[in-house]
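In what follows, a structure is listed as structure tokens, so that the remarks can point back to it.
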Amino acid sequence: MSRIELNSIRKSYGDTEIIKGVDITIEEGEFAVFVGPSGCGKSTLLRMVAGLESISAGDLILGGQRMNDVPPDKRGIAMVFQSYALYPHMTVAENIGFALSLKKVAKNEIKNRVREVGKILHLEDLLNRKPAELSGGQRQRVAIGRAIVKKPQVILFDEPLSNLDAMLRVQMRAEIQKLHQEFGSTIIYVTHDQVEAMTMAEKIVVLNQGRVAQTGHPISLYKQPQNTFVAEFIGSPKMNLIELRIDQVYENHLELTDAVGSRFTLAGVYNVNTGDIVKLGIRPEHISIAEDAASADLVEPVAIVERLGAETYVHLHPKENAAAQSAPIVLRVEGDCQIRQGDKLGIVFDRQHCLLFDADGYVRKREGKRGKRGRRD
């Protein structure tokens, strides 16, 4: 059994608290990704699961057993590090089989298992080479082989692809996903790259300043962020956030204005009040080009045009006197669009995909009926 439970986990170094009461459950066989900016605590949390860092408070449960004080080598866990950590004087085969030799596994068994892992990772022709003779991607595969040869219940990956170039990262992402499908081990994968998280994970845990900002399936986090941190961190480009003031709250819609008086109508019942300052969130693919200025929600000058082939991202510069709206608005259009820098562009927001965030950064969901203002969702 390899179900992992982190219950009210905390980690402090002296008076400085790094992990601030984390609750996470990872089901047996699940591929979970811890993602967040540098310093959010994701690697520290991973090392606590591995037993390389002590737990200041809370419980780590693995397969129904409390593991707080169990030594790392008794947890049934393998770990793949960012730095590969290969022994330079050993061959590929010796590196992969080293952990088994420490456990006094029979030499023939080690040889067979190393050969099996080498075939899975396409290393069978490299088993007699030393690490210095390998490329970065090959070294990373050796590090993964050293982990999976032990047939662990849980495999931990600590930013394993950050030293590779872009093409190798894409290739290795696919290799790791194939391994997960074949072996079925529970995986926790740490990265700061939200693209890695979105493409690999069955469950994403977004961390921010030692706390869980949101947990869920990648598409759920993308479509339904619970706060502005997740809205901006998940997705590339990030979600547009436009600061607005609520002018009127009606029975089934809101009237809002931006800093320069542009007016917006948003259908639905929200738990907000007249005068509240909110942020309208919308993804670049849910903004379209208006037929004319009269039908546009906004008309803004084009600052940057990013042509990526199949699609183009257009950055609109906010009006100079709209101090509150400091970030550009980004929309996605067809790759062969004729838009140029300096053009004035009218845009329309797809109201069905608009989100409303309150002043504290939490999403305000559509309510079934008008009620008193309650707690934030």
Side-chain angles (χ1 to χ4, degrees), residues 1-82 147 150 152-160 180 185-192 194 196-197 200-218 220-221 225-230 233-234 360-362 375-377:
M1 298 292 290
S2 53
R3 185 174 191 262
I4 302 171
E5 300 172 61
L6 291 85
N7 299 326
S8 302
I9 295 291
R10 295 180 179 272
K11 176 64 180 179
S12 298
Y13 296 100
D15 295 331
T16 303
E17 190 172 42
I18 305 300
I19 304 297
K20 305 171 183 178
V22 164
D23 292 287
I24 301 169
T25 298
I26 300 165
E27 300 298 338
E28 182 177 1
E30 196 167 39
F31 195 129
V33 176
F34 293 174
V35 66
S38 297
C40 71
K42 55 188 182 294
S43 289
T44 300
L45 201 57
L46 191 77
R47 291 173 63 84
M48 293 165 76
V49 174
L52 303 178
E53 293 280 356
S54 61
I55 297 173
S56 301
D59 294 313
L60 169 64
I61 310 297
L62 175 59
Q65 298 182 356
R66 188 176 184 272
M67 289 286 172
N68 290 43
D69 303 315
V70 175
D73 62 330
K74 303 296 184 183
R75 297 189 180 194
I77 289 174
M79 189 163 180
V80 179
F81 297 91
Q82 176 181 347
K150 297 185 290 184
Q153 298 180 61
V154 177
I155 305 177
L156 309 180
F157 291 88
D158 190 7
E159 304 211 41
H180 177 244
S185 299
T186 305
I187 290 178
I188 303 179
Y189 186 104
V190 161
T191 181
H192 65 276
Q194 60 90 23
E196 280 187 19
M200 299 178 73
E202 295 171 329
K203 174 184 288 180
I204 293 178
V205 179
V206 184
L207 294 165
N208 182 28
Q209 297 181 349
R211 293 186 172 90
V212 175
Q214 190 173 345
T215 300
H217 186 272
S220 175
L221 266 62
Q226 294 176 357
N227 50 72
T228 53
F229 178 82
V230 175
F233 194 83
I234 297 295
D360 295 324
Y362 290 85
R375 66 175 179 82
R376 65 194 181 201
D377 295 296

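Taking CE from Met79 and CD1 from Ile155, the interatomic distance works out to 12.5 Å, rounded to the nearest 0.5 Å. Between Glu5 atom CD and Leu62 atom CG the span is 9.5 Å, to the nearest 0.5 Å. Between the CZ atom in Phe157 and the CD atom in Gln82 there is a gap of 14.0 Å [rounded to 0.5 Å]. Taking OG of Ser185 as the reference point, atom CD of Glu30 lies at 13.5 Å (rounded to 0.5 Å). Separation of atoms CG (Leu52) and CZ (Phe81) is listed at 5.5 Å; rounding is to 0.5 Å. With rounding to the nearest 0.5 Å, the separation of CZ in Arg211 from CD1 in Ile19 is 10.5 Å.
Contact detail for Ile9 and Gly58: the closest heavy-atom pair is CD1-C, 3.9 Å. In terms of heavy-atom proximity, Tyr13 sits nearest to Ile18 at CD1-CG1, 3.3 Å. Between Asp158 and Ser43, the shortest heavy-atom contact is OD1-OG, 3.0 Å. Closest approach of Thr191 and Ala197 over heavy atoms only: CG2-N, 4.3 Å. Nearest heavy-atom pair across Pro72 and Ala50 is CB-O, 3.4 Å. Of all the heavy atoms in Ala213 and Asn227, the pair that sits closest is O-ND2, 3.1 Å.
Val206 is not listed as a side-chain neighbour of Gln194, based on a closest heavy-atom distance of 4.5 Å or more. At least one side-chain heavy atom of Ile24 sits less than 4.5 Å from a side-chain heavy atom of Phe34. Considering only heavy atoms from C-beta on, Thr25 comes within 4.5 Å of Arg3 through its side chain. Residues Ile4 and Leu60 are in side-chain contact: their nearest non-hydrogen atoms beyond the backbone lie under 4.5 Å apart. A 4.5 Å side-chain heavy-atom check between Ser8 and Asp23 finds at least one atom pair inside the cut-off. Gln209 is not listed as a side-chain neighbour of Pro37, based on a closest heavy-atom distance of 4.5 Å or more. A heavy-atom distance below 4.5 Å is not found between the side chains of Leu45 and Val205. Residues Leu6 and Met48 form no side-chain contact, since every pair of their non-hydrogen atoms from C-beta on lies 4.5 Å or further apart.
A donor-acceptor distance shorter than 3.5 angstrom exists from the side chain of Arg75 to the backbone of Val70, with no hydrogens or angles considered. Side chain of Thr186 to main chain of Ser2: a donor-acceptor pair is present (N/O by atom type, distance under 3.5 Å, no hydrogens or angles). A donor-acceptor pair is defined here as one N or O able to donate and one able to accept, closer than 3.5 Å; no such pair exists between the side chain of Gln153 and the backbone of Gly76. Looking only at distances, no side-chain donor or acceptor of Lys20 sits under 3.5 Å from a matching main-chain atom of Gly210.
Using bins of under 30°, 30° to 60° and over 60° for the plane-to-plane angle, the ring pair Phe31/His180 lands in the perpendicular bin.
Annotation: Glu27, atom CD; neighbour count of heavy atoms from other residues, nucleotides and ligands within 6.0 Å is above 12.
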